[in-house]
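I have placed the structure first, in the form of structure tokens, so that the comments after it can refer back to it.
Quick note: residue numbers are just sequence positions, from 1.
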Amino acid sequence: LSHRLSDSDPKDLAALSSRLLAAQQQAPARKRSASTSQIPRRSATGPVPLTAGQQRIWFRELLSPDNAGNNVLTPLRIEGPLDPDVLERCVRAIQERHNILRATVISNGDVPHLAIHATCPMAFTRVDLTSDSEDIDAADVNATVQEHIRVELERPFELTSEPPMRATLLRVGATSWVFLPVFHHLAFDHASQQLFLSELGTVYDSLCRGAGVGLPPLRIQFDDYAAWEHGRLTTDVVEEQTAFWEDTLDGVELTLALPTDLPRPRVPMAVGRELVHPIPDGVAAAAQTLAQEMQVSLVAVLLGVFELVAARMAGKERFVLGYPMANRSRPGTETLIGMLASDLLIRADVAGEEPGSAHVRHVHEAMLAVHEHADVPLHELFHLKRTGVPAGLGRVIPVAFSHMSASREKLTLPDLSVEVMERNADNTTPLDLYFYVVETASGLELTLTYDLDLYRPSTMTQLAEAYVY
């Protein structure tokens with residue numbers, strides 16, 4: 001990253017800046033206003049097709065039905081006079097509030113649909129790890145907690161018959177608790193995690209004061225969003241976007257498989273580990289300056305560098321990466337728990353040793369084009385390419401890049417101390433490698449979530465260092 005930034009030509013930056021401003025001014029008003037249009041409530045009842053993002057996840061579920069790579073769990077340690085009955089009421093109130101948390105998946109012909117249920121009780125399990133003895137072995141209790149975390153991470157959801165959420169509350173001391181809310185990724189994206197914690201804190205405080213749930217009505221529900229997204233796919237839109245993707249994906253493989261340290265198992269076990277690596281302040285500042293001077297997003301700079309590193313690692317000049325999009329710019333979506341995010345495909349073309357700014361320009365323009373053609377579900381792109389998932393791979397897009405802000409929301413409960421727990425258990429991961437840059441209050445840092453069946457930790461450390469330096 002630091003090397004590429006030093007290659008940028010100021011004249012090239014100035015020329016690109018003028019070009020991008022002209023392109024922005026020529027953009028149709030329809031494009032600029034589309035992200036602010038209101039999503040209507042749907043008048044129909046009954047099942048609704050999965051969103052593009054959900055179809056991608058469901059496709060992955062069908063490929064590996066017995067793994068739990070799509071489970072999302074943030075273990076929380078709570079200290080103080082917690083009322084477990086109130087906490088359970090809070091969680092059930094949030095399930096009642098968001099209908100995606102009361103949904104199951106059904107088949108309607110060959111197309112998967114969401115069935116929204118008026119009631120679909122989730123499992124809320126309470127386990128008391130304390131004993132009558134005053135001498136409770138803290139090490140034994142912690143080992144038991146970590147085992148519960150592992151079990152919950154590895155236990156798949158049966159989405160055709162149960163809701164996509166469950167929770168376990170462990171009592172580990174007289175006034176010490178561990179709360180384990182688990183969600184399936186089909187109903188829960190990164191933004192949903194922040195929303196859930198915020199709503200949980202608000203509802204708990206309100207119920208403790210005897211004031212009811214204490215949340216305003218939602219503008220829309222998830223099935224409204226899903227129906228609206230599906231309704232946008234008119235014949236003209238499908239034909240235009242299909243033509244774009246046929247051209248974009250011509251001559252490039254969809255499944256970039258980076259060299260692995262270990263043989264790929266026939267069935268992925270989805271056991272992942274996380275590596276966090278800091279980006280030096282000087283490098284981060286230089287990346288931000290380059291983005292500002294070129295009038296592009298910081299992510300165009302960060303993604304461009306990752307493409308160069310991945311190209312060297314894979315020994316390929318043309319390949320495809322996954323890149324998630326939040327899809328939360330329209331009114332009502334910002335307060336909606338659900339899987340609104342969808343995976344885009346970014347085609348990387350790394351030919352020779354381009355100057356840093358030239359490659360950033362290419363990445364920025366590719367990202368703009370892809371965002372304008374983001375409605376075609378991922379599995380349809382495989383159909384366009386007339387290809388299936390390679391035997392033994394079991395992953396649609398094995399390598400993805402993302403850029404996100406660190407979660408600003410945390411769980412705040414009255415008279416209680418709450419913190420996210422460190423866990424000994426490894427993560428689950430649906431990908432070979434998920435490489436993302438996180439903006440924190442103190443700067444930028446890398447987080448690599450990788451498949452332990454494929455990569456050694458030392459290799460991922462070398463990859464992080466190659467990216468930064």
Side-chain angles (χ1 to χ4, degrees), residues 16 19-20 22-37 49-57 59-60 111 225-226 228-256 296-297 299-300 303-304 306-307 310-311 316-330 340-351 354 358-389 396-403:
L16 178 58
R19 185 162 168 251
L20 291 174
Q24 291 168 0
Q25 291 167 357
Q26 293 170 8
R30 175 180 56 84
K31 294 289 185 182
R32 292 195 295 269
S33 63
S35 64
T36 61
S37 60
L50 303 186
T51 64
Q54 288 179 317
Q55 289 185 45
R56 178 257 304 174
I57 294 171
F59 185 31
R60 202 160 61 201
V111 181
Y225 176 84
W228 167 81
E229 183 189 272
H230 185 71
R232 289 194 303 163
L233 293 178
T234 63
T235 300
D236 290 345
V237 170
V238 171
E239 290 178 352
E240 190 271 333
Q241 294 201 13
T242 297
F244 166 83
W245 284 109
E246 285 180 331
D247 181 63
T248 298
L249 299 177
D250 184 45
V252 63
E253 296 180 12
L254 283 184
T255 52
L256 170 68
V296 302
S297 65
V299 68
L303 173 58
F306 180 69
E307 288 183 357
K316 294 182 178 180
E317 292 186 342
R318 296 177 177 84
F319 52 89
V320 171
L321 296 171
Y323 181 74
M325 182 169 66
N327 293 325
R328 289 182 177 268
S329 59
R330 290 174 173 80
L340 277 69
S342 60
D343 272 352
L344 306 182
L345 298 182
I346 297 289
R347 172 173 174 157
D349 284 292
V350 182
E354 291 183 310
H359 185 63
V360 170
R361 176 176 65 230
H362 172 82
V363 172
H364 175 72
E365 293 176 346
M367 291 180 68
L368 289 178
V370 164
H371 274 80
E372 293 178 0
H373 300 84
D375 298 316
V376 180
L378 196 59
H379 67 276
E380 292 293 340
L381 302 185
F382 274 78
H383 178 70
L384 290 177
K385 290 284 288 181
R386 295 179 175 83
T387 182
V389 178
V396 182
I397 298 297
V399 181
F401 176 92
S402 183
H403 162 263

Applying ring-ring contact (aromatic ring centres under 6.0 Å, His included), name anything that partners Y225, two or more places apart in sequence or on another chain.
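Per chain and number, Y225 pairs via ring-ring contact (aromatic ring centres under 6.0 Å, His included) with W228.
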
How would you list, by chain and number, every residue that makes a ring-ring contact (aromatic ring centres under 6.0 Å, His included) with H373, sequence neighbours excluded?
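With sequence neighbours excluded, H373 shows a ring-ring contact (aromatic ring centres under 6.0 Å, His included) to F244, given in chain and number order.
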
With sequence neighbours left out, write down each residue that passes side chain to side chain contact (heavy atoms under 4.5 Å, CB included) with A366, or none if nothing qualifies.
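If we apply the side chain to side chain contact (heavy atoms under 4.5 Å, CB included) test to A366, skipping adjacent residues, there are no hits.
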
Can you list the residues that meet the side chain to side chain contact (heavy atoms under 4.5 Å, CB included) rule with V111, with sequence neighbours excluded?
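V111 satisfies side chain to side chain contact (heavy atoms under 4.5 Å, CB included) with H113 once adjacent residues are dropped.
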
About how many Å separate [atom2] of [Y] and [atom1] of [X], when rounded to the nearest 0.5 Å?
X: Q54; Y: L340; atom1: CD; atom2: CG; result: 8.5 Å
X: M367; Y: M325; atom1: CE; atom2: CE; result: 10.5 Å
X: L50; Y: E229; atom1: CG; atom2: CD; result: 10.0 Å
X: L344; Y: N327; atom1: CG; atom2: CG; result: 7.5 Å

So which atom in [X] and which in [Y] form the shortest heavy-atom distance, rounded to 0.1 Å?
X: Y323; Y: V299; answer: OH-CG2, 3.4 Å
X: Q241; Y: E372; answer: NE2-O, 3.9 Å
X: R347; Y: T248; answer: NH1-O, 2.6 Å
X: A226; Y: P49; answer: CB-O, 3.7 Å
X: L321; Y: E307; answer: CD1-CG, 4.0 Å
X: H359; Y: D349; answer: CE1-O, 4.0 Å

So V399 and F306, do their side chains get closer than 4.5 Å, heavy atoms only?
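Yes, their side chains come closer than 4.5 Å.
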
